[in-house]
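Report on the following structure.
Read the numbers this way: they start at 1 and go in the same order the structure lists the ligands and their atoms.
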Amino acid sequence: MTNKLFVDACLGKETPYTPVWMMRQAGRYLPEYMAVRAEAGNFLNLCHDPEKACEVSLQPVDIVGVDAAIMFSDILVIPDEMGMDLSFVKGEGPKFSDPLETQADLDRLIGGEEAASKLTYVYDTIKLIKEKLADDKALIGFTGAPWTLATYMIEGQGTKTYNICKKMMYANPALLHKILAKVTEVVKYYMEKQIQAGIDVVQIFDSWAAAIEPSNYDEFSWKYMVEIADYLKAKYPHIPIIMFPKGVPAFIEQGGVYGNFDVFGVDWGTPMALAKEKLGEKYILQGNMEPTRLYSKEATTESVEKIQQIMGGKRHIFNLGHGILPDVPVENAKHFVAECKRVSGKK
Ligand code: CP3
């Protein structure tokens with residue numbers, strides 16, 4: 001046993017109650033976050049400032065009562081440090097001015113350990129958080145999945161249709177695989193350096209998994225994440241890895257899930273009972289309340305009780321089935337966390 005409930009739960013050990021955290025818990029629904037972001041000037045400055053990034057990482061632990069902090073950063077700092085030009089346009093989200101179109105575009109990017117070494121502000125943030133985080137709370141480090149990162153690198157921004165990267169998937173799959181392989185190499189070193197800086201748990205976000213047809217998901221995304229997990233597990237077997245692929249019930253149903261992960265993050269569109277039936281023996285399951293239930297305390301309690309009924313307080317971590325939205329009342333987020341602890345037996 002460790003002194004961290006969250007790490008114990010990730011490793012399948014029994015815990016006094018089911019730990020809880022929320023994806024995107026450090027963010028705009030907290031007025032305290034908005035104040036620190038305003039001081040930083042903008043979102044990227046905040047990511048680049050370890051003191052401030054540390055402060056906003058700790059806010060949800062102190063204010064909402066979650067059992068783990070997630071380091072404050074963004075998945076897109078990876079392609080940014082590989083040499084792409086990232087900006088966050090107000091109201092429009094992330095943008096790269098120089099999306100990847102050709103092999104020459106890819107060749108210009110920095111790869112491997114050299115790119116990972118440039119993310120010093122992330123490692124400094126982790127070290128600061130570890131100094132300040134209570135001993136019984138865990139620190140989660142994270143990365144985007146190579147596929148999810150590649151969608152931004154190829155489209156240059158968020159997309160509803162994924163037409164540019166899917167054109168590459170079918171018209172020039174070799175180039176897409178080269179992009180994915182290069183990102184995978186950087187991510188391996190990036191996560192290794194996060195571990196060396198002090199994170200307790202890794203989470204891989206494949207937020208745009210559902211853009212790939214289920215029969216192609218392994219080839220263009222899953223196998224790269226398995227490669228990352230194998231690399232990390234060979235060196236750091238004690239560090240749990242949480243895999244969160246959003247929107248893959250068909251992939252789960254057809255039995256495609258394999259790999260050296262400890263925890264499977266269940267998104268809100270996948271029935272928890274299905275996940276339990278198909279994956280519950282192999283993985284600890286994390287999730288999966290529909291995040292917009294947070295607008296109503298009653299709807300929240302109803303869902304937390306239902307999830308508890310299915311999971312029975314075993315091999316489970318409470319979370320939302322995707323990120324918390326900016327206009328959720330803080331009080332309701334606190335209610336969610338308190339309810340998870342109540343139903344799972346916190347005295
Ligand atoms: O609390 C945490 O979870 C830690 C911080 C975190 C952020 N982004 C901060 C952020 C994490 C884990 C992420 C991951 C991330 N970033 C993902 C995967 C997670 C998911 O929700 O699926 C993705 C797809 C991104 C890319 C990204 N970054 C987008 C699409 C946006 C704009 C979305 C929006 O809500 O405006 C961001 C910006 C971003 N990343 C914000 C935060 C707090 C909002 C920036 C701000 O205005 O302050």
Side-chain angles (χ1 to χ4, degrees), residues 21-49 52-64 66 68-80 84 86-96 121-122 125-126 129 139-153 155-160 162 187 190-191 194 199 201-211 221 225 242-248 265-269 286-288 291 319-328 333:
W21 70 287
M22 296 182 296
M23 286 187 275
R24 305 295 286 267
Q25 66 188 13
R28 287 171 296 189
Y29 71 103
L30 289 173
E32 293 85 350
Y33 166 84
M34 295 309 286
V36 179
R37 194 187 73 174
E39 277 175 40
N42 64 45
F43 171 68
L44 263 185
N45 285 350
L46 178 53
C47 293
H48 293 159
D49 183 331
K52 289 192 172 64
C54 169
E55 190 178 343
V56 297
S57 305
L58 296 172
Q59 285 172 349
V61 178
D62 297 337
I63 300 166
V64 187
V66 286
I70 179 161
M71 65 161 196
F72 190 81
S73 184
D74 196 80
I75 59 167
L76 298 177
V77 295
I78 302 168
D80 189 38
M84 295 187 73
L86 173 66
S87 60
F88 283 84
V89 183
K90 228 184 158 107
E92 290 177 51
K95 283 233 178 341
F96 288 107
Y121 46 89
V122 173
T125 300
I126 291 169
I129 298 170
L139 176 59
I140 303 167
F142 68 88
T143 178
W147 161 255
T148 287
L149 292 171
T151 64
Y152 290 97
M153 296 165 78
E155 303 269 345
Q157 59 192 357
T159 166
K160 286 204 169 72
Y162 302 88
V187 167
Y190 180 47
M191 296 322 297
Q194 289 189 28
I199 59 165
V201 177
V202 169
Q203 174 153 324
I204 305 175
F205 284 92
D206 199 5
S207 304
W208 311 138
S221 186
M225 301 186 291
I242 306 171
M243 181 58 232
F244 176 69
K246 181 166 182 296
V248 293
V266 183
D267 76 278
W268 61 266
Q286 173 176 282
N288 74 340
N319 202 320
L320 308 174
H322 199 197
I324 183 171
L325 293 169
D327 58 346
V328 165

### Message
Let me confirm one number: the CG-CG distance from Asp80 to Leu76, rounded to the nearest 0.5 Å.
### Response
8.5 Å

### Task
Supply the atom-to-atom distance Leu86 CG to Lys95 NZ, rounded to the nearest 0.5 angstrom.
11.0 Å

#### Entry: Over all atoms of both residues, closest heavy-atom pair of Ala68 and Gln25
O-NE2, 2.8 Å

### Task
Could you list the atoms of ligand 1 found under 4.0 angstrom from a heavy atom of Ile70?
1 (O), 2 (C), 3 (O), 4 (C), 12 (C)

### Query
Would Gln157 and Glu92 satisfy side-chain hydrogen bond (donor to acceptor under 3.5 Å, both in side chains), going step by step from the backbone distance to the final call?
CA-CA 9 Å; Gln157 59 192 357; Glu92 290 177 51; over 6 Å; no

### Message
Arg37 versus ligand 1: do any nitrogen or oxygen atoms come within less than 3.5 Å of each other?
### Response
yes

### Query
Parallel, tilted or perpendicular for Phe142 and Phe205, by the 30°/60° rule?
perpendicular

### Query
Any heavy atom of Ser207 sitting closer than 4.0 Å to ligand 1?
yes

### Message
Quick check: closest heavy atoms across Gly265 and Pro245, and the distance to 0.1 Å?
### Response
O-CD, 3.6 Å

### Message
Using 30° and 60° as the class boundaries, would you call the ring planes of Tyr152 and Trp208 parallel, tilted or perpendicular?
### Response
tilted

### Query
Under 3.5 Å, N or O to N or O, is Trp208 touching ligand 1 that way?
no

## Note on the structure
protein heavy-atom neighbour closest to atom 43 (C) of ligand 1 works out as Tyr33 OH, 3.5 Å

#### Entry: atom 30 (C) of ligand 1: nearest protein contact (heavy atom, Å)
Tyr152 OH, 3.4 Å

### atom 25 (C) of ligand 1: nearest protein contact (heavy atom, Å)
Ile75 CG1, 3.5 Å

### Task
Name the closest protein heavy atom to atom 19 (C) of ligand 1, giving the residue it belongs to and the distance to 0.1 Å.
Phe205 CD2, 3.4 Å

#### Entry: Where ligand 1 meets Ala26 - atom numbers and elements under 4.0 angstrom, heavy-atom basis
1 (O), 2 (C), 43 (C)

### Message
If you compare all heavy atoms of Tyr29 against all heavy atoms of Ala333, which two are closest, and at what distance to 0.1 Å?
### Response
CE1-CB, 4.1 Å

### Query
What class does the angle between the rings of His48 and Tyr121 fall in, given that below 30° is parallel, 30 to 60° is tilted and above 60° is perpendicular?
perpendicular

### Query
How close does the nearest protein non-hydrogen atom get to atom 9 (C) of ligand 1, and which residue and atom is it?
Ser73 O, 3.3 Å

## Note on the structure
When every non-hydrogen atom of Met191 is compared with those of Gly141, the smallest separation belongs to CE-C, 4.1 Å

### Query
Relative to the heavy atoms of Met71, which atoms of ligand 1 are at a distance of less than 4.0 Å?
4 (C)

### Summary
The atoms of ligand 1 lying under 4.0 Å from a heavy atom of Pro94, numbered in the order shown, are 29 (C), 30 (C), 31 (C), 32 (C)

### Task
Provide, to 0.1 Å, the distance between atom 27 (C) of ligand 1 and the closest protein heavy atom, together with that atom's residue and name.
Asp74 OD1, 3.6 Å

### Task
Would you mind checking which non-hydrogen protein atom is closest to atom 11 (C) of ligand 1, with the distance to 0.1 Å?
Phe142 CZ, 3.6 Å

### Message
Please state which option from Met22, Arg24, Glu92 has its nearest heavy atom closest to atom 41 (C) of ligand 1.
### Response
Arg24

### Query
So which protein heavy atom does atom 38 (C) of ligand 1 come closest to, and at what separation?
Phe88 CE2, 3.4 Å

